[in-house]
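First up is the structure itself, then whatever we jot down about it.
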Amino acid sequence: QVQLEESGGGLVQAGGSLRLSCAASGLTFSRHFTGWFRQDPGKEREFVGAINWRGGNTYYADSVKGRFSISRDNAKNTVYLQMISLKPEDTAVYYCAASGKPYYSPISGYTNRAEYTYWGQGTQVTVSS
C-alpha cells in the first residue's frame, strides 16, 4: 500500500522560509515523477512544481518560480519543497503527489492533477503579513 506523508508546514512571516518534506512508503520516488500542489479553501488545487522520475528536471508554476525549489533524497526516499521569500498568497494546504506508473513521463504534462495517482494528506502553510 502506497502512502505519502507531508511534513514541515507551519506559520511563518512574509519573507520567511519553510521546507516541506514528503516521505513515501510502498513507492520509490526515484522511479516515479512527483509533484507538489496547493489548495486554498474555496479554490481549486493548483500545481506548484514537479520533479521527473530521473530527478534531473524540475518544473514550477510561474507564481513560485525563483522562490520554490524541489529536490529529492533517494536514500531517504523523500522529496522536498524548499520555499523562500514566502508571501501571504502562498498560504494553502500543500500536497505531494506521485505517479502511479514507474519510469513514466506525463503525457498531458506535470501540471495535470489527473496524471498523479497517489496523494498525501497535506500540510498547512500559513504566511502572515
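Owing to the predicted nature of the structure, the values given are computational and were not obtained by experimental measurement.
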message: Looking at Gln39, I want to see if its CD is surrounded by more than 12 non-hydrogen atoms of other residues, nucleotides or ligands under 6.0 Å.
response: yes
message: Would you say that Arg45 contacts Tyr95 through its side chain, given a criterion of any heavy-atom pair below 4.5 Å between the two side chains?
response: yes
message: Going by ring-ring contact (aromatic ring centres under 6.0 Å, His included), name the residues that satisfy it together with Tyr60, two or more places apart in sequence or in a different chain.
response: none
query: Does a sphere of radius 6.0 Å around NZ in Lys65 hold more than 12 heavy atoms from other residues, nucleotides or ligands, not counting ones at 6.0 Å or beyond?
result: yes
- prompt: With a 4.5 Å limit on heavy-atom distance, are the side chains of Thr91 and Gln124 in contact?
  reply: yes
query: Sequence neighbours excluded, which residues qualify as ring-ring contact (aromatic ring centres under 6.0 Å, His included) partners of Tyr110?
result: Phe33, Tyr59
message: Nearest 0.5 angstrom please: Lys101 NZ to Ser105 OG, how far?
response: 10.5 Å
ring-ring contact (aromatic ring centres under 6.0 Å, His included) partners for Phe37, two or more places apart: Phe47, Tyr116, Trp119
- prompt: Considering all heavy atoms of both residues, which atom of Pro88 and which atom of Ala14 are nearest to each other, and what is their separation?
  reply: CD-CB, 4.1 Å
query: Can you tell me if Glu5 uses its side chain to pair, donor with acceptor, with the backbone of Ala24 under 3.5 Å?
result: no
message: Just so I know, are the side chains of Thr28 and Trp53 near enough to count as touching, which here means a heavy-atom distance under 4.5 Å?
response: no
message: Let me confirm one number: the CD-OH distance from Gln3 to Tyr118, rounded to the nearest 0.5 Å.
response: 12.0 Å
task: Using modelled atom types only, decide if a donor and an acceptor are shared between the side chain of Thr123 and the backbone of Gly9 within a distance under 3.5 Å.
output: yes
- prompt: How far apart are the C-alpha atoms of Phe68 and Gln82, what are their side-chain angles, what is the distance that settles it, and do they pass the side-chain contact (heavy atoms from CB on, under 4.5 Å) test?
  reply: CA-CA 5 Å; Phe68 291 12; Gln82 178 69 52; over 6 Å; no
Residue pairs involving residues 12-53 (criterion disulfide (SG to SG under 2.5 Å); sequence neighbours excluded): Cys22-Cys96
- request: Please report the shortest heavy-atom distance between Leu27 and Ala98, naming the atom on each side.
  value: CD1-CB, 4.0 Å
Ala61 backbone acceptor or donor facing Ser63 side chain under 3.5 Å: no
field: Atom of Ser30, atom of Asn74 and distance for their closest heavy-atom approach
entry: CB-OD1, 3.6 Å
- request: Indicate if Ile51 and Phe29 have the same hydrophobic cluster label, given that clusters are the connected sets of ILVMFWY residues with side-chain heavy-atom separations under 4.5 angstrom.
  value: yes
message: Show the nearest heavy-atom pair for residues Glu115 and Tyr104, with the distance to one decimal.
response: OE1-OH, 3.2 Å
field: Under 3.5 Å: donor-acceptor pair, side chain of Asp73, backbone of Asn77
entry: no
Which residues share a side chain to side chain donor-acceptor pair (under 3.5 Å) with Ser25, sequence neighbours left out: none
message: Using 0.5 Å steps for rounding, measure from the CG atom of Leu4 to the NE2 atom of His32.
response: 10.0 Å
query: Linking I/L/V/M/F/W/Y whenever any side-chain heavy atoms sit under 4.5 Å apart, do Tyr80 and Val12 land together?
result: no
field: Aromatic Tyr94 / basic Arg38 pairing, under 6.0 angstrom, 45° off normal
entry: no
message: For a quick test of reading the model, state the closest non-hydrogen atom pair linking Arg67 to Leu86 and the distance between them.
response: NH1-CA, 3.9 Å
Which atom of Ala50 lies closest to which atom of Ile70, heavy atoms considered: N-CD1, 3.2 Å
query: Got a salt bridge between Lys87 and Asp90, using NZ or NE/NH1/NH2 to carboxylate O under 4.0 Å?
result: no
message: Count I, L, V, M, F, W, Y as connected when their side-chain heavy atoms are under 4.5 Å apart, and connections chain through other members. Are Leu81 and Val125 then in the same cluster?
response: yes
query: If two hydrophobic side chains count as joined below 4.5 Å and joins carry through other members, does Val93 share a cluster with Val64?
result: no
query: Tell me, do Arg113 and Glu44 make a side-chain contact under 4.5 Å, heavy atoms counted?
result: yes
- line: Sorted by chain and residue number, the side chain to side chain donor-acceptor pair (under 3.5 Å) partners of Arg54 (sequence neighbours excluded) come out as none
task: Consider only side-chain heavy atoms of I, L, V, M, F, W and Y, link residues closer than 4.5 Å, and tell whether Val79 and Met83 are in one cluster.
output: yes
